[in-house]
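A short write-up of the structure that comes next.
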Amino acid sequence: MRAGRCHGKYNLFCSKALVHCGLVLLSLWLCIQSVPIAVDKTKAELPEEKLEPPQSADTGLHYDRYLKEVIDFLEKDSHFREKLHNTNMEDIKAGKLAKELDFVSHHVRTKLDELKRQEVSRLRMLIKAKQDIQGGNDKTVDHQALLKQFEYLNHMNPHTFEVEDLDRLIKSATNDLENYDKERHEEFKRYEMMKEHERKERLKNMDEEHRKKEEEHYNEMKRKHADHPKVNHPGSRDQLKEVWEEADGLDPNDFDPKTFFKLHDNNGDGYLDENELEALFTKELEKVYDPTREEDDMVEMEEERLRMREHVMNEVDTNKDRLVSLDEFLAASNKREFMETDEWETLEQNPFYTEEELKEFEKHLANEENDLNKKTAELQKQREELDRQQEQLNSHKLELQQVYYQILFFFFFFFFFKGAGRKVQDIGPRASWNGFPWPSSCIQALHHQVQCKVSDAAV
């Protein structure tokens with residue numbers, strides 16, 4: 001399953017890191033001073049004390065944090081924890097486990113109420129942020145209506161965590177997780193089709209000589225990638241024995257499924273979850289994928305890991321709870337499929353998509369590109385129109401400035417002449433000052449500006 005706030009936490013983190021480093025150095029010193037002792041791990045008893053489980057990985061759900069916090073607090077209640085471990089997946093999906101919420105302690109219920117209020121507040125903030133981004137600041141937001149889209153909680157009661165909330169959360173998480181792998185496969189298919197599309201587009205822009213070299217290089221990379229050691233069937237005896245020998249450092253002749261299970265149940269909860277299972281396939285994946293090699297794609301490696309995990313889950317997880325119990329693991333080790341010796345068919349042996357799917361994908365890309373080009377052309381036209389209007393505004397502004405300065409010039413001389421005891425007898429084409437005519441060019445310009453441009457400015 002797949003999440004600093006303040007300076008104090010930072011200091012605490014640093015202190016823990018220093019203590020951890022000190023312990024590591026002390027351990028190294030002790031190892032140097034000690035005499036090495038050979039220990040048979042298969043005979044040694046595993047510690048019984050329960051270790052603190054590590055943080056579970058992000059499930060990929062948008063309400064992942066809320067889901068994990070609810071589960072963590074419910075498991076603190078002894079009654080609910082017992083019911084959870086004794087209820088099969090079908091009963092959980094049917095809502096029988098949710099009814100046990102009525103018997104949970106008051107302290108846990110109070111904390112669950114608080115978690116729900118925080119989650120509702122978070123969703124409302126997300127809705128508000130989305131509204132702001134879309135430019136709807138002046139619109140009234142109906143939070144109750146928008147909260148309906150979040151089916152994992154009862155939005156009609158935002159204050160308390162009830163049986164319906166737990167039932168909704170279980171059903172939503174189960175359904176969403178079942179679809180999560182499917183969505184990942186679809187995303188990977190689009191990734192591969194885009195790779196092929198871009199390769200073909202590059203070839204179109206090459207001359208014949210460079211196109212031939214590129215095709216030869218592409219085929220050589222495919223050949224080198226396909227040339228790898230045998231990949232054992234995931235979950236088979238051969239595959240697990242390889243992990244037992246190379247990762248665990250144990251004698252393959254002493255392989256024991258029960259001991260293997262306990263060695264790889266990292267958090268000691270009695271189950272192998274999806275992450276613990278996927279870690280078992282690393283050795284097989286390293287046979288095919290190397291991040292330093294040009295021909296190997298690490299995105300494809302993660303898709304291969306997902307395929308392997310799905311295969312093992314389908315074979316071993318009989319109650320479909322996305323966990324492998326010890327009983328399920330031991331039962332699978334007694335099946336004929338456990339002795340499977342055939343090589344696992346890797347991705348290059350299984351086409352990612354059909355030619356029809358690629359054509360449909362490229363058609364969709366072409367339509368998107370056409371729509372984008374149309375929008376770009378429309379935006380360009382709008383920009384040109386805005387530029388034209390801006391030029392007109394600048395021109396009008398310049399004309400108004402000229403009128404302003406000419407009027408200012410006129411009134412300056414008018415009051416200057418008046419203060420000197422002289423007067424302007426006319427503002428027309430025959431205007432004069434103290435009996436002397438003004439230059440005709442000045443009179444005409446002033447007459448034109450005062451009677452025409454000023455009136456335009458007033459309008």
Side-chain angles (χ1 to χ4, degrees), residues 1-5 9 12-13 50-89 91-93 95-101 104-105 107-126 147 149-155 158-181 183-184 265-279 306 309 313 317 319-325:
M1 316 294 286
R2 310 213 199 282
R5 180 173 305 176
K9 286 192 175 181
L12 180 60
F13 171 78
K50 275 199 172 183
L51 301 174
E52 284 295 322
Q55 274 194 333
S56 55
D58 193 340
T59 61
L61 305 177
H62 67 87
Y63 51 93
D64 173 78
R65 180 175 176 178
Y66 175 65
L67 172 65
K68 289 193 289 191
E69 287 178 338
V70 168
I71 292 173
D72 288 344
F73 274 96
L74 284 172
E75 287 192 330
K76 290 179 180 179
D77 184 89
S78 57
H79 171 79
F80 191 89
R81 184 170 61 250
E82 181 183 354
K83 290 292 183 180
L84 177 63
H85 291 166
N86 295 329
T87 306
N88 61 47
M89 196 60 189
D91 287 343
I92 292 175
K93 289 180 181 180
K96 293 182 179 180
L97 182 64
K99 296 176 181 178
E100 299 297 327
L101 185 66
V104 169
S105 66
H107 168 70
V108 173
R109 288 295 296 268
T110 302
K111 186 60 183 178
L112 292 175
D113 294 343
E114 181 184 342
L115 290 176
K116 183 179 179 181
R117 288 193 293 269
Q118 291 174 355
E119 183 68 4
V120 171
S121 177
R122 182 184 76 89
L123 294 178
R124 284 175 172 165
M125 288 176 64
L126 288 175
L147 283 170
Q149 61 187 299
F150 303 108
E151 298 180 354
Y152 62 92
L153 50 72
N154 178 16
H155 64 280
H159 305 295
T160 58
F161 190 95
E162 305 295 342
V163 171
E164 183 182 353
D165 290 293
L166 183 56
D167 188 42
R168 281 171 173 257
L169 186 59
I170 291 172
K171 289 180 179 178
S172 294
T174 303
N175 182 63
D176 292 343
L177 287 171
E178 287 174 352
N179 293 327
Y180 182 62
D181 287 344
E183 291 172 1
R184 282 182 62 184
D265 177 17
N266 296 324
N267 59 4
D269 63 354
Y271 296 91
L272 294 180
D273 60 30
E274 293 179 343
N275 295 315
E276 290 168 334
L277 272 179
E278 289 184 0
L306 174 60
R309 188 251 293 162
M313 280 294 190
D317 181 23
N319 64 357
K320 305 305 177 186
D321 62 353
R322 300 177 73 90
L323 296 168
V324 176
S325 67

Open item on the list: Does atom CD (Glu82) have a neighbourhood of more than 12 heavy atoms from anything else shown, all under 6.0 Å?
Closed with: no
Open item on the list: Please find the pair of heavy atoms, one from Thr160 and one from Lys116, that lie closest to each other, and give the distance.
Closed with: O-NZ, 3.1 Å
Open item on the list: How long is the straight-line distance from NZ of Lys68 back to CG of Leu115, given to the nearest 0.5 Å?
Closed with: 13.5 Å
TODO: Can you see which heavy atom on Arg117 is nearest to which on His159, and at what distance?
DONE: NH1-O, 2.9 Å
- [ ] Report yes if some heavy atom in the side chain of Leu169 is under 4.5 Å from a heavy atom in the side chain of Tyr63; otherwise report no.
- [x] yes
- [ ] Kindly say whether Ala279 contributes a backbone atom to a donor-acceptor pair with the side chain of Asn275 at under 3.5 angstrom?
- [x] no
Open item on the list: A side-chain contact here means heavy atoms from C-beta on lying under 4.5 Å apart; do Glu276 and Asn267 qualify?
Closed with: yes
Task: Residue pair Asp165 / Glu119, side-chain heavy-atom distance below 4.5 Å - done: no
Open item on the list: Donor-acceptor check, side chain of Asp113 to backbone of Phe161, threshold 3.5 angstrom: yes or no?
Closed with: yes
TODO: Working to the nearest 0.5 Å, report the span between CD1 of Ile71 and CG of Leu166.
DONE: 9.0 Å
Open item on the list: Quick one: does any side-chain atom of Arg109 pair with a main-chain N or O of Leu101 as donor and acceptor, under 3.5 Å?
Closed with: yes
Open item on the list: Could you check whether any side-chain heavy atom of Asp72 comes within less than 4.5 Å of a side-chain heavy atom of Leu74, counting everything from C-beta outward?
Closed with: no
TODO: Just do the side chain to side chain contact (heavy atoms under 4.5 Å, CB included) check on Leu323 and Leu272 with the steps written out, would you?
DONE: CA-CA 6 Å; Leu323 296 168; Leu272 294 180; over 6 Å; no
Task: Lys NZ or Arg CZ of Lys83 over Phe80 ring: under 6.0 Å, within 45° - done: no
- [ ] Mind checking the CD-CD spacing from Glu69 to Gln118? Nearest 0.5 Å is all I need.
- [x] 7.0 Å
TODO: On the 0 to 90° scale, with breaks at 30° and 60°, tag the Tyr66-Tyr152 ring pair as parallel, tilted or perpendicular.
DONE: tilted
Open item on the list: Can you give me the closest heavy-atom contact between Pro158 and Val120, atom names plus distance?
Closed with: CB-CG1, 4.0 Å
- [ ] May I ask you to test the Leu306-Arg184 pair for a side-chain heavy-atom distance under 4.5 Å?
- [x] yes
Open item on the list: I need the Asp181 CG to Arg322 CZ distance, nearest 0.5 Å.
Closed with: 5.0 Å
Open item on the list: Quick check against the 3.5 Å criterion: does Asp167 have a side-chain atom that pairs as donor or acceptor with the backbone of Ala98?
Closed with: no
Task: Side chain to side chain, His107 and Thr110, heavy atoms closer than 4.5 Å - done: no
Task: Least distance between heavy atoms, Met313 atom then Lys320 atom - done: O-NZ, 4.1 Å
